[in-house]
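Step one of this worksheet: look at the structure below.
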Amino acid sequence: MTTYWKVAAADGPRPEWLQEAAQVLQEGGTVAFPTETVYGLGADARQTAAVEQIFAAKGRPSDNPLIVHIADRSQLEELAASPDEAVSRLLDAFWPGPLTVVLPVKPGVLSPLVTAGLSTVGVRMPDHPVALRLIAAADCPVAAPSANRSGRPSPTQASHVLEDLGGRIGGIVDGGPTGVGLESTVVEYVPAAPEGEAGARAGVLHILRPGGVTAAQLRAALPGVTVRETAHREDAAAAPRAPGMKYTHYAPRGVMTLVQGDAPERVLARIQRELDAARARGERTGVLTYREHAGALRADHVVACGSLGDLESVAHGLYAALREFDEVGADFIMAEACLEEGIGAAIMNRLRKAAGDTVIRV
């Protein structure tokens, strides 16, 4: 049975939901809760039995590491090696917020399931009052991937969590729709070699997963540091360094193909040809596009996901749009690409993974 708590705007300092949900975490259970990015499925990151419930509920591969959420920056010292000056500048700029930093983990502090056998751990402090209050009340580091069945679109509303995980987890805290709509940016900083050492080089910040903090924002926060966008599908035999790097994610149930090109008219024409062919085969079609182009495409179900002139609106609505195709039973889905600038890099990362890297370039 899954307990459901609805957060009221007038909640006092110790509302009933907070006490009950925190107790579930303390006793080794799982609780889904909102963050500013998506809903997370939380468990005490120190308890292996608790973390096992996350993997079981989600059907998540065991070599996919989990992000640990904290409510106060001082908690970072208990979990990982002290951040160097560059990482400290990132934390000053973006915490609390949608940035996860990967750091060397302290031995024996967390369940080995959290790190998937790696010597590092990803940590973030969410910028959401419900998340921060819950983590603080539970008084433990909270491992929390997105609160959905593995591979499905991430949840941006409590109803999405209930649809995917109802009956599989201990509780759901409904704090309303999330804000950013895409998961956090995951980064790992490789410091420069000491001056004079052979092969000395500048420090490099690797973006392992694009998200709510853009590459441009990271470069502005770390002038002189190379920021390298290295998110990719890793070797099948290798453990992923961060969530979202190896497996197909965010996918609707229907087969989805992404179409990308420099000329919008060619992109739209190719999408329409593919849709027409699928309808002729008797398939139920869907198309993911934007407000500017929605009237130019014909399908059984057309979803206009935000505006190309406001990519933050696209990010905010993307996962709900992907779930909409499931609601209408679309089994053949075409998706229009957007520019990979700013938050567009994160949107395209999610679209490629939703399409299983099936991309047509025109």
Side-chain angles (χ1 to χ4, degrees), residues 153 180-183 185 207 209-219 227-233 244-245 248-326 328 330-362:
V180 177
L182 297 179
E183 294 85 353
T185 301
I207 300 177
R209 181 182 72 187
V213 176
T214 68
Q217 289 174 306
L218 293 169
R219 292 187 177 100
V227 176
R228 188 166 294 159
E229 300 177 55
T230 53
H232 61 87
R233 182 183 295 272
M245 292 188 72
T248 298
H249 289 271
Y250 325 115
R253 295 189 178 96
V255 176
M256 180 170 150
T257 300
L258 180 63
V259 181
Q260 184 176 24
D262 295 329
E265 62 276 9
R266 288 206 300 269
V267 170
L268 295 176
R270 180 58 183 271
I271 288 175
Q272 193 60 60
R273 287 201 302 273
E274 297 289 339
L275 291 169
D276 290 344
R279 292 188 79 181
R281 295 191 299 267
E283 297 181 81
R284 184 164 180 78
T285 59
V287 60
L288 179 70
T289 183
Y290 310 99
R291 284 198 290 268
E292 292 86 344
H293 299 153
L297 292 166
R298 302 177 308 280
D300 293 314
H301 197 70
V302 177
V303 177
C305 183
S307 167
L308 288 169
D310 178 15
L311 290 182
E312 289 188 1
S313 70
V314 177
H316 181 75
L318 180 60
Y319 292 144
L322 292 174
R323 286 176 175 268
E324 194 172 324
F325 292 118
D326 292 343
V328 299
D331 45 33
F332 182 92
I333 304 162
M334 300 300 295
E336 179 186 356
C338 68
L339 289 177
E340 297 189 63
E341 297 176 356
I343 194 98
I347 294 167
M348 285 296 292
N349 171 270
R350 305 315 193 267
L351 285 174
R352 286 194 187 95
K353 289 191 173 294
D357 286 324
T358 303
V359 182
I360 296 173
R361 291 178 174 84
V362 297

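Side chains included, hydrogens not; waters and symmetry mates left out as well; all remaining heavy atoms used.
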Trace of the side-chain contact (heavy atoms from CB on, under 4.5 Å) decision for Met256 with Leu322: CA-CA 10 Å; Met256 180 170 150; Leu322 292 174; 3.9 Å; yes

Contacts of Glu265 that satisfy side chain to side chain donor-acceptor pair (under 3.5 Å) - sequence neighbours left out: none

His293 vs Ile271 side-chain heavy atoms within contact, under 4.5 Å: no

Where Ala315 and Ile347 come nearest, the two heavy atoms and their spacing: N-CD1, 3.8 Å

Kindly indicate whether the side chain of Glu274, heavy atoms from C-beta on, has any atom under 4.5 Å from the side chain of Ile360. yes

Min side-chain heavy-atom separation Ile207-Thr185 under 4.5 Å: yes

Rounded to the nearest 0.5 Å, how far apart are CG of Leu308 and CG of Asp310? 10.0 Å

Does Asp300 offer a backbone N or O that forms a donor-acceptor pair with the side chain of Arg284 under 3.5 Å? no

Tell me whether Glu229 is salt-bridged to Arg219, with the criterion being a basic N under 4.0 Å from an acidic carboxylate O. yes

Considering non-hydrogen atoms only, spot the tightest contact between Leu311 and Gly344 and give its length. CD1-CA, 3.8 Å

When rounded to the nearest 0.5 angstrom, what distance separates OG1 in Thr285 from CZ in Arg298? 10.0 Å

pair Glu336-Val287: side-chain heavy atoms closer than 4.5 Å: no

Nearest heavy-atom pair of Gly254 and Asp326: which atoms, and what distance? N-OD1, 4.3 Å

Crowding at CD, Glu324 (>12 non-hydrogen neighbours, <6.0 Å): yes

Heavy-atom distance under 4.5 Å between the side chains of Met334 and Thr289, does that happen here? no

Rounding to 0.5 Å, atoms CZ (Arg352) and CD (Glu340) come to a distance of 4.0 Å

Flag the pair Leu297 / Gln272 as yes when at least one side-chain heavy-atom distance between them is below 4.5 Å, and no otherwise. yes

What is the minimum heavy-atom distance between Ala345 and Pro210, and which atoms define it? O-CG, 3.9 Å

Compare all side-chain heavy atoms of Leu182 with those of Asn349 and state whether any distance is below 4.5 angstrom. no

Correct closest heavy-atom pair for Leu351 and Leu318 would be CD2-CD1, 3.9 Å

With sequence neighbours excluded, residues passing ring-ring contact (aromatic ring centres under 6.0 Å, His included) with Tyr319: Tyr250

Would you give the length of the straight line joining atom CD1 of Ile343 to atom CE of Met348, rounded to the nearest 0.5 angstrom? 13.5 Å

Are Phe325 and Leu288 side-chain neighbours, meaning at least one heavy-atom pair lies under 4.5 Å? yes

Between atom CD of Glu283 and atom CG of Asp331, what is the distance when rounded to the nearest 0.5 Å? 5.5 Å

Looking only at heavy atoms, what is the nearest atom pair of Glu292 and Ser307, with distance? OE2-OG, 2.6 Å

Could you tell me the separation between the CD atom of Gln260 and the CG atom of Leu339, rounded to the nearest 0.5 Å? 9.5 Å

